[in-house]
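Before any comments, here is the structure.
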Amino acid sequence: MKLLKAILLVPVLLALLAGTALAKIAPQHSGVDPSFGRGGTIAVSVPKGFGEGPLQMATAPSGKSYVLDGSLLYAFGANGLPDHGFGDNGHVQVAAAAGETTEVNGLAVDAQGRILASGSVNPTPGVPSAYVPPQPLGYLYLPAPSNAFVIRLLPNGERDPTFGGSGEIDVTVTPAASRSPYTTLHTNTPIVRGDRLAIVGGEQPILGGSYYYHGYICYGGAIEALAFVAPIDPAGPAVQNLAPTTYTEVPQSGISDFATMPGGNLAAVSNSSNGCPPRGAPWTTTLSALTYSGSPVPALDPGRPRLVLSSLVVDAMGRFLGLEMPTESSTTQGWKLDRLLPNGVFDTAFGSNGGVPLKKFGEESVGALVLGAKERPVIAGGDTKFRLVRLGTKGKIDHSFGDHGWVEVGFGPGTKASPAAMTIDAKGRLLVAGRMTSSALKSGEGIGLSRIQPTE
């Protein structure tokens, strides 16, 4: 009898063992990571009405995340909780050492976990904007003086004393010779603005910005801005004056996004909002491929499509993916994800002739784009909650992600949250940040973060 019972128990034990084995190898479902923050999300209050301009986020190799909202830089641990050991109880006010800081727009983290921020400073506060004496084309408006700056912070929020002068490098530009056929008058003092930061090769900071000089006809008597991209010497002097041979001028009037390319090169999106004919059509962006690793970058096709891109990533094959914004002139086109080949033309193997309409976002804002596991693009949007969708490499919705391709993240009743930035940590997890409003926050306004555990 005992032998019979033992024989009968064998199938049961085998089934239990098989179930245990299956449980161990069962794929993890993608969704909000409950080990992050407080149950998958975290929110911090910011001064009411403080945030201006795009919100930015960067993630360190350690898993710590940093969010830049205006000139306030917030730090979060790898567990998602505010890092109270960073700066002043978890945040730092980014400002140039001298002068009046007018903008803080760039954020990056290098391979050693040091945080870099860039912006613009008026070195002589109180000097007003002015008109230059009459020129052949009339009066010319001169903006207030401005330099760009780059600050490097240690992981505890203190300035890195080995970077420039006490952690800061101020940047000026010597303008290249004017190409204008109308006048060669430059501003007496270069007016420089810092827009974006990137890190190439883990250590090299790259600054994208603009400088101004007179000479282009633009609504009469204006000063035209020219976009530039330049490496900054992290071991160099506290003030670095960029000669024309040390920076790259790119079309249009400012840098709105950077993306690293295979081989350590860099892609830049430059934009124009003033519609000056010499610099490009109104409300368009220009995609440029730049060499910073010493390896050649194929020239972009001069006939490439002119788009309005808000975010940019580059895959391992050198293809460009960008979020195309709706334009005021279009009443039917919403947000799209475009993919361009390395020469800058539409990749017809992606979506419909190179583009995927993001119709399920409706009229909601779309704020961020990254390339996730297996080069699959993830897009984040939404106006009341974070909504993420993952596409396959051909542009179809990847139903293995979340609920049939979508993950939604809410921050509680009566809360509105809109994603504005997204990164991927060293473990392949998605981190999303955005601005939010909630009566639970001290000021009613804040920054919300969430971490998403994707499936492979």
Side-chain angles (χ1 to χ4, degrees), residues 32-60 62-95 101 103-109 113 115-117 119 151 153-158 365 367-368 370 380-388 407-425 429-453:
V32 177
D33 181 355
S35 68
F36 181 83
R38 297 184 176 92
T41 64
I42 191 70
V44 296
S45 181
V46 302
K48 191 173 182 62
F50 184 82
E52 294 182 0
L55 181 145
Q56 295 194 57
M57 179 169 60
T59 301
S62 64
K64 290 180 63 174
S65 295
Y66 302 91
V67 178
L68 182 66
D69 184 17
S71 61
L72 285 178
L73 176 64
Y74 295 85
F76 300 86
N79 60 1
L81 298 175
D83 180 5
H84 295 294
F86 179 82
D88 180 12
N89 199 30
H91 68 273
V92 166
Q93 179 90 40
V94 179
T101 300
E103 293 177 303
V104 184
N105 295 324
L107 178 67
V109 178
I115 310 100
L116 293 97
I151 293 172
L153 304 174
L154 298 173
N156 63 2
E158 295 181 358
S365 59
V370 296
D383 290 334
T384 59
K385 61 178 65 176
F386 293 178
R387 300 181 64 225
L388 285 74
V407 171
E408 294 191 348
V409 184
F411 288 82
T415 297
K416 292 185 177 180
S418 182
M422 183 162 48
T423 63
I424 299 179
D425 68 11
R429 297 171 298 191
L430 303 167
L431 291 108
V432 193
R435 291 201 176 92
M436 58 180 294
T437 59
S438 172
S439 58
L441 296 172
K442 182 178 180 181
S443 67
E445 300 176 1
I447 296 170
L449 275 79
S450 182
R451 187 166 69 196
I452 310 300
Q453 178 67 57

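Being a predicted model, the structure only gives us computed values, none of them experimental.
- For the side chain to side chain contact (heavy atoms under 4.5 Å, CB included) with Phe36, the qualifying choice from Thr41, Ile42, Asn79 is Ile42, the only one to do so.
- In this view, Ser418 and Ser365 satisfy the side-chain hydrogen bond (donor to acceptor under 3.5 Å, both in side chains) rule, not counting sequence neighbours.
- One finds the OH atom of Tyr74 at 12.0 Å from the CG atom of Leu449 (value rounded to the nearest 0.5 Å).
- Judged by distance alone, with hydrogens and angles left aside, the side-chain atoms of Ser45 form a donor-acceptor pair with the main-chain N or O of Ser443 at under 3.5 Å.
- Remark: Arg451 pairs with Asp33 by the salt bridge (Lys or Arg N to Asp or Glu O under 4.0 Å) rule, at least two apart or across chains.
- When the side-chain hydrogen bond (donor to acceptor under 3.5 Å, both in side chains) test is applied to Asn89, the partners found at least two apart in sequence or on another chain are His84.
- Legend: residues meeting side chain to side chain contact (heavy atoms under 4.5 Å, CB included) with Asn156, ordered by chain and number and at least two apart, are Leu154, Glu158.
- For Asp83, the side chain to side chain contact (heavy atoms under 4.5 Å, CB included) partners two or more places apart in sequence, or in a different chain, are Lys64, Ala75, Phe86.
- Residues passing the side chain to side chain contact (heavy atoms under 4.5 Å, CB included) test with Ala417 are Phe386, Phe411, Met436, sequence neighbours excluded.
- For Phe76, the ring pair (Phe, Tyr, Trp, His ring centres under 6.0 Å) test picks out no residue, with sequence neighbours left out.
- Side chain of Ser450 to main chain of Gly40: a donor-acceptor pair is present (N/O by atom type, distance under 3.5 Å, no hydrogens or angles).
- Here Val370 pairs with Val378, Met422, Ile424, Leu430 under the side chain to side chain contact (heavy atoms under 4.5 Å, CB included) rule; sequence neighbours left out.
- Atom CG of residue Leu81 and atom CZ of residue Arg38 lie 5.5 Å apart, to the nearest 0.5 angstrom.
- Looking only at side-chain heavy atoms (C-beta outward), Val46 and Ile447 come within less than 4.5 Å of each other.
- Paired with Pro419 under the rule side chain to side chain contact (heavy atoms under 4.5 Å, CB included), one option of Val409, Leu55, Val432 passes, and it is Val432.
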